[in-house]
Structures are given as structure tokens and as C-alpha cells.
Amino acid sequence: MAQQDPEELLELSSETRTILEEQRLRPLWEVEDDFGNVFDDLEADIWKWDEIQSAIDHIEEDVPIADLPPGFQRRVAVPINASIGNAISNTIYVGIQTVSPGETAPSHRHGANALRFTIDGAEEMKTVVAGEEFPMKDNDLITTPQWEWHDHVNDSDETAAWLDVLDLPLVLDSLNASNVFENHELERQPVTKTQGYWDSQYGRGRPTGERPGGDIPGPFEGIREPTPPYRFGWDEMLESLRQRADNDDPDPHDGYSLSYVNPATGNDPLFPTMSFRAQLLNEGPTDPHFHNATEVFFVIDGEGATHVDGEALEWGKWDIFVVPPDATHHHEPDDEATLLGMSDRPVYEAFNFYAEAEPSS
Ligand code: 1HN
């Protein structure tokens, strides 16, 4: 933040100013304009799939996962919002990850909540989470809750691609928390559970008096029951959306919209920090509104535009776009479209700070 011109500062004796400076103090009336202005405002932006695809193809050709430097060791292209510099938004991070046939993205775990939304998947593309292999089929959403081991193994004969979504900027940048991170001693964690285990423990019956799979060891021991490792198959989600469209009225702002619920609570949000919706837009434009939560969208299918403060973000299949806080926006599908909507609203709600409204005109 630029210092004010000293000429314009309220008259303080030079002795007062010296004392303040020596004690690292500033008068509030000189500091107050800095609040809310330390970071630039988030801007609306869109990444087109054609351009993303060319980028991920190139880095796949240049860099085998095995050659990546120590660190997260994931081959990912990260959409960077120019107003931030390291992510698409101040709270939600997205990236597009690829794993080539025969490759493994090695096992690790961390404090940030994560999920995968499969773009180009296969039955034999597995993300292994908390001891279970989850097949990554097209449009499946699979959680990687905090502090669960996870590795990605491509035993299919095609490159797999998916969207990673994490609350990384919120945790590491906004809260300035350190990243709790650990690599597994093995490249692939042992598969210790049969397929379907995690799903089976969160159905109509729940293990009596215990947490399915036992407690999470390590720094998260004792926290509220975390979001479980879980796969939401797209076929069921789409069927639920269609049933809704056949029987109910759409939400004026989100169309037919279903939240991915935390299977441990049966409720939205899926993670304490992020909520996710599958949205079906097939009844013309939605009504404009604005809210202080940030929204990131992934276009599952279809074409259309989202109008953000008068700017049209024209989208098609697999494009990614961001709607900043307080921006008036509405969706306008060409015909029928399905979107994955991602929001940091749970953070605002936790602080009793969430607000939304329709523009007055
Ligand atoms: C991570 O663990 C994955 O497991 C992907 O696939 C992207 C970005 C930042 C931090 C951890 C993964 C990530 C990440």
C-alpha cells in the first residue's frame, strides 16, 4: 500500500510522529484505508478447455511425473487469476492434473481438503484414498479428506485428466497456516480395503459407536468426524437432477441444483470450507443475484454464458470460470447445460457473514 503524501497527513508534532514510528505504531486514521486493500480485488475470469488441453498435452510430453522435484509431485496446470498470482481465487484452488498410462502420482497426505472431479477417466484409472481404490469414471467426484493418504494410479491405456479442487489458498495464504504435509514411505499405499467399503459404511446403516475406518491419526486426531473418503458417481447425480427437473421448480439463481452432501452428516457442505453443487440449466436464463462468497464453475456439458457485472463469460464443455465476491451474475445456457458449482460459502456461514441479494433494478 502506497504511503500517503506526508504533506497531506494530519498535523502531528514531529516528536509524536517519531515516538509512533519508533514503537511501530500508526494512527488509525492513516491506516484505515489499507483495510480491504492489501490484496487486489478478485477478477472474473475464464479458462477455455482448448487452451487448457494444449497446455496439459505439452507438459505431459515434457515431464514424466517421476521427474518432478520433491514437493507435491503432481503434474498439474493451475489456472492463475491475474489478480492473485497463485490460484484461481483467494479461497478455492483448482488445477488440471494428468496421469499417463502406467504412471503413478505417489502417495502423500496433507491438511488441505481436496477432491477430484474426473474429466477424462476410465474404470482402470484409480485414485487410492484411505486404503480403497476408487475408479475414476467420467464426471465422478471423489473426496480426498484432510490427512488421508492418496495416490493416483493409471492402469488404463489412455491418459486420464481431472480437476483437483483444494481449499489451499484459504488455509495457506488467507489464514497463513502452515501446510501439514507428509509423503508415504511407499509410492503406492497398500490397498487394505475392498472396493465399496467407504460407500457401504455411510449408507442406511452406520457402524455402531465408532467412526468407520477408525480414527484419523496424526495432527487431526480428535477433530470432528471429517468428511469421509467417498465417490459420487455421475450417473446417479444426473438421474437425481433429471428427477428434480421432472418434478420440481428450478432455483431462480442456480437452476436445478443438488448439493454434494457430506455422507457423515447427510448435509451440505461436503467440506467445512467448500461446498459443491451439480446444476442443470435448461429453462433459459437464471435471475441475477450477488453474494459475498466466491464461486468457481466447471462446465460438465453444454454451452452458454455467465454474465458477471455486465461482462459475458462465454463457456463450453470443460471450461473453468470464476465469479468474484459481490459481482452480480446470472447464467444463460444456449440449450441445456450441466455445471459443477464450487463455493467458499461455508466459510462465510461459519463466521455468520454470508449475504446475498438480487440487484434492486
Ligand atoms: C495434491 O495433493 C494433489 O493429490 C493435487 O493429486 C494438487 C495441489 C496442491 C497441494 C496438494 C493430489 C495439489 C495437491
Side-chain angles (χ1 to χ4, degrees), residues 47 52 55-56 59-60 63-81 84-100 103-122 125-136 140-155 159-189 216 218-220 226-227 229-231 271 273-274 276 296 298 320 340 342 344:
W47 286 259
I52 294 171
I56 59 177
I59 59 173
E60 184 189 4
V63 190
I65 295 172
D67 288 2
L68 289 171
F72 296 139
Q73 289 195 298
R74 297 294 191 254
R75 187 173 53 224
V76 182
V78 183
I80 303 292
N81 195 312
I84 302 186
N86 68 352
I88 197 169
S89 84
N90 302 84
T91 46
I92 297 172
Y93 156 107
V94 298
I96 304 91
Q97 178 166 180
T98 57
V99 177
S100 312
E103 278 189 318
T104 294
S107 193
H108 67 208
R109 58 183 184 171
H110 44 67
N113 287 290
L115 66 70
R116 329 278 151 211
F117 190 88
T118 314
I119 299 173
D120 216 347
M125 172 67 230
K126 304 278 173 45
T127 181
V128 189
V129 188
E132 181 178 336
E133 293 180 313
F134 293 87
M136 299 181 78
D140 287 351
L141 183 156
I142 299 153
T143 63
T144 311
Q146 47 187 175
W147 212 241
E148 297 286 11
W149 295 113
H150 53 284
D151 40 277
H152 317 304
V153 179
N154 190 349
D155 288 332
T159 296
W162 61 83
L163 192 70
D164 295 310
V165 188
L166 290 92
D167 51 15
L168 212 60
L170 173 76
V171 177
L172 297 193
D173 294 328
S174 303
L175 297 179
N176 199 21
S178 56
N179 190 27
V180 200
F181 180 88
E182 190 181 359
N183 281 309
H184 202 286
E185 56 186 9
L186 303 170
E187 185 186 44
R188 297 183 179 193
Q189 68 179 292
I216 296 190
F220 294 94
T227 303
Y230 209 77
R231 170 180 164 271
F271 292 116
T273 49
M274 299 181 288
F276 296 85
V296 179
F298 173 73
I320 299 164
L340 175 70
M342 306 165 245
D344 61 4

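Ligands are counted one by one from 1 in listed order, and the atoms in each one are counted from 1 as well. Quick note: residue numbers are just sequence positions, from 1.
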Of all pairs that satisfy salt bridge (Lys or Arg N to Asp or Glu O under 4.0 Å), the ones with a partner from residues 71-81, not counting sequence neighbours: Arg75-Glu103
Collect the protein residues that have a non-hydrogen atom under 4.0 Å from ligand 1 and hand them over in chain and number order. Phe72, Arg74, Tyr93, Gln97, His108, His110, Arg116, His150, His152, Asp164, Leu166, Leu168
Using 30° and 60° as the class boundaries, would you call the ring planes of Phe181 and His110 parallel, tilted or perpendicular? parallel
Identify, with sequence neighbours excluded, every residue that meets ring-ring contact (aromatic ring centres under 6.0 Å, His included) alongside Tyr93. none
Start with the C-alpha gap between Met125 and Trp162, add the side-chain angles, then the distance that decides, and say whether side chain to side chain contact (heavy atoms under 4.5 Å, CB included) holds. CA-CA 11 Å; Met125 172 67 230; Trp162 61 83; 3.6 Å; yes
Is there a side-chain contact between Ser174 and Pro169 (heavy atoms, below 4.5 Å)? no
Once side chain to side chain donor-acceptor pair (under 3.5 Å) is applied, what residue pairs with a partner in residues 127-136 remain, sequence neighbours excluded? Thr127-His152
